[in-house]
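One structure is given below, encoded as structure tokens.
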Amino acid sequence: MIGLKSTLNCIDNSGALVVECVNILKQKVNNGWGSVGDEIVCVVKRARPVSSAAQASVTAVKVRRGDVRRAVIVRTKKAVRRPDGRMIRFDDNAAVLLNNKREMLGTRIGGIVSADLRMKGWGKIVSLAPKGCAKLASTRNTDGYILSMYFEDIRGINVCAPILLPNDAKWKDSVYEFLSNT
């Protein structure tokens with residue numbers, strides 16, 4: 001859930017590194033909180049430094065520190081529930097910058113994005129994201145304990161068979177411990 005003053009990593013090649021959310025552009029059904037696929041207005045907090053020689057080139061950095069831009073949220077730390085009951089969450093909050101025509105400002109995506117973006121009308125971002133990356137998804141019981149874990153690719157397709165955990169396993173959020181022990 002992204003709200004006012006939330007910071008997000010910028011994963012495109014527009015020149016921004018960190019952006020801060022100042023407004024969520026959507027219907028006010030979620031009380032001002034944004035999730036994956038929502039459009040936001042943000043301020044560039046950190047950007048790549050630009051030399052005077054690089055400014056004249058064609059591949060010049062498109063944004064500077066302090067610029068106000070639109071962006072779309074592509075990853076959130078807060079878990080997002082899928083219709084089949086799976087909860088998908090990431091290690092960080094991330095966004096991709098847009099221009100005023102709702103087109104991507106950059107030409108490349110530098111990290112994995114949520115597959116839910118395709119359902120929300122951002123198929124161009126999903127198609128530019130690296131497809132070789134797999135993400136870890138898990139199913140949990142009502143107490144919040146992980147029952148099984150599996151890897152899926154960017155399109156939401158399972159890459160390997162589910163890894164079932166024993167009933168006595170009390171894994172709350174120990175995904176990395178589990179992966180290092182197997």
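All values below were derived from every heavy atom in this structure, side-chain atoms included, with hydrogens, water molecules and symmetry-related copies excluded.
For R69, the side chain to side chain donor-acceptor pair (under 3.5 Å) criterion is met by no residue, not counting sequence neighbours. Residues meeting the salt bridge (Lys or Arg N to Asp or Glu O under 4.0 Å) test with K5, sequence neighbours left out: E20. Not counting sequence neighbours, the partners of N13 by the side chain to side chain donor-acceptor pair (under 3.5 Å) test are T107. Not a single side-chain contact (heavy atoms from CB on, under 4.5 Å) links L4 to another residue, sequence neighbours left out. Under the side chain to side chain donor-acceptor pair (under 3.5 Å) criterion, N99 pairs with E103, sequence neighbours left out. For the salt bridge (Lys or Arg N to Asp or Glu O under 4.0 Å) test, residues two or more places apart in sequence or in another chain that qualify with R102 are E39.
A 4.5 Å side-chain heavy-atom check between V41 and V68 finds at least one atom pair inside the cut-off. No side-chain heavy atom of T76 sits less than 4.5 Å from a side-chain heavy atom of M1. Between L117 and V36 there is a side-chain heavy-atom pair separated by less than 4.5 Å. S35 is listed as a side-chain neighbour of V80, based on a closest heavy-atom distance under 4.5 Å.
Contact detail for I125 and V74: the closest heavy-atom pair is CG2-CG1, 4.1 Å. Contact between V63 and G15 at its shortest, heavy atoms only, is CG2-C, 3.8 Å. Residues R64 and A47 share a closest heavy-atom pair of C-CB, 4.2 Å. Considering every non-hydrogen atom in both G3 and I24, the closest pair reads CA-CD1, 4.0 Å. Summarising the geometry of G111 relative to P130, their closest heavy-atom pair is O-CD, 3.4 Å, with the distance given to 0.1 Å.
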Using side-chain contact (heavy atoms from CB on, under 4.5 Å), reason through C10 and V18 one step at a time and then give a plain yes or no.
CA-CA 6 Å; C10 190; V18 176; over 6 Å; no
Go through it in stages, so that I can follow the logic: the residues are D12 and R108, the test is side-chain contact (heavy atoms from CB on, under 4.5 Å), and I'd like the CA-CA distance, side-chain angles, deciding distance and then a yes or no.
CA-CA 6 Å; D12 59 3; R108 292 183 178 177; over 6 Å; no
List the steps and the verdict of side-chain contact (heavy atoms from CB on, under 4.5 Å) for I40 and R70.
CA-CA 6 Å; I40 62 172; R70 289 184 179 213; over 6 Å; no
Dump the intermediate steps for side-chain contact (heavy atoms from CB on, under 4.5 Å) on V72 and D38, then the final yes or no.
CA-CA 6 Å; V72 63; D38 291 334; over 6 Å; no
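Counting heavy-atom neighbours within 6.0 Å of K124 NZ, excluding the residue itself, gives a total of 12 or less.
Here the straight-line distance linking atom SG of C42 with atom CD1 of I2 works out to 11.0 Å at 0.5 Å rounding. For the atom pair D91 CG and N9 CG, the distance stands at 11.0 Å (nearest 0.5 Å). How far CG of D116 is from CD1 of I73: 12.5 Å, rounded to the nearest 0.5 Å. Here the straight-line distance linking atom CZ of R89 with atom OG of S114 works out to 13.5 Å at 0.5 Å rounding.
A salt bridge links D84 and R86; the closest N-O separation between the charged side-chain nitrogens and carboxylate oxygens is under 4.0 Å.
When hydrophobic clusters are built by joining Ile, Leu, Val, Met, Phe, Trp and Tyr residues whose side-chain heavy atoms come closer than 4.5 Å, directly or via intermediates, L97 is not grouped with L17. Residues L128 and V126 share a hydrophobic cluster, clusters being chains of Ile/Leu/Val/Met/Phe/Trp/Tyr side chains in contact below 4.5 Å.
Among V96, D92, V19, the single residue meeting the side chain to side chain contact (heavy atoms under 4.5 Å, CB included) criterion with L8 is V19.
A side-chain donor-acceptor contact under 3.5 Å links W122 to the backbone of G37. Side chain of R46 to main chain of R65: no donor-acceptor pair is present (N/O by atom type, distance under 3.5 Å, no hydrogens or angles).
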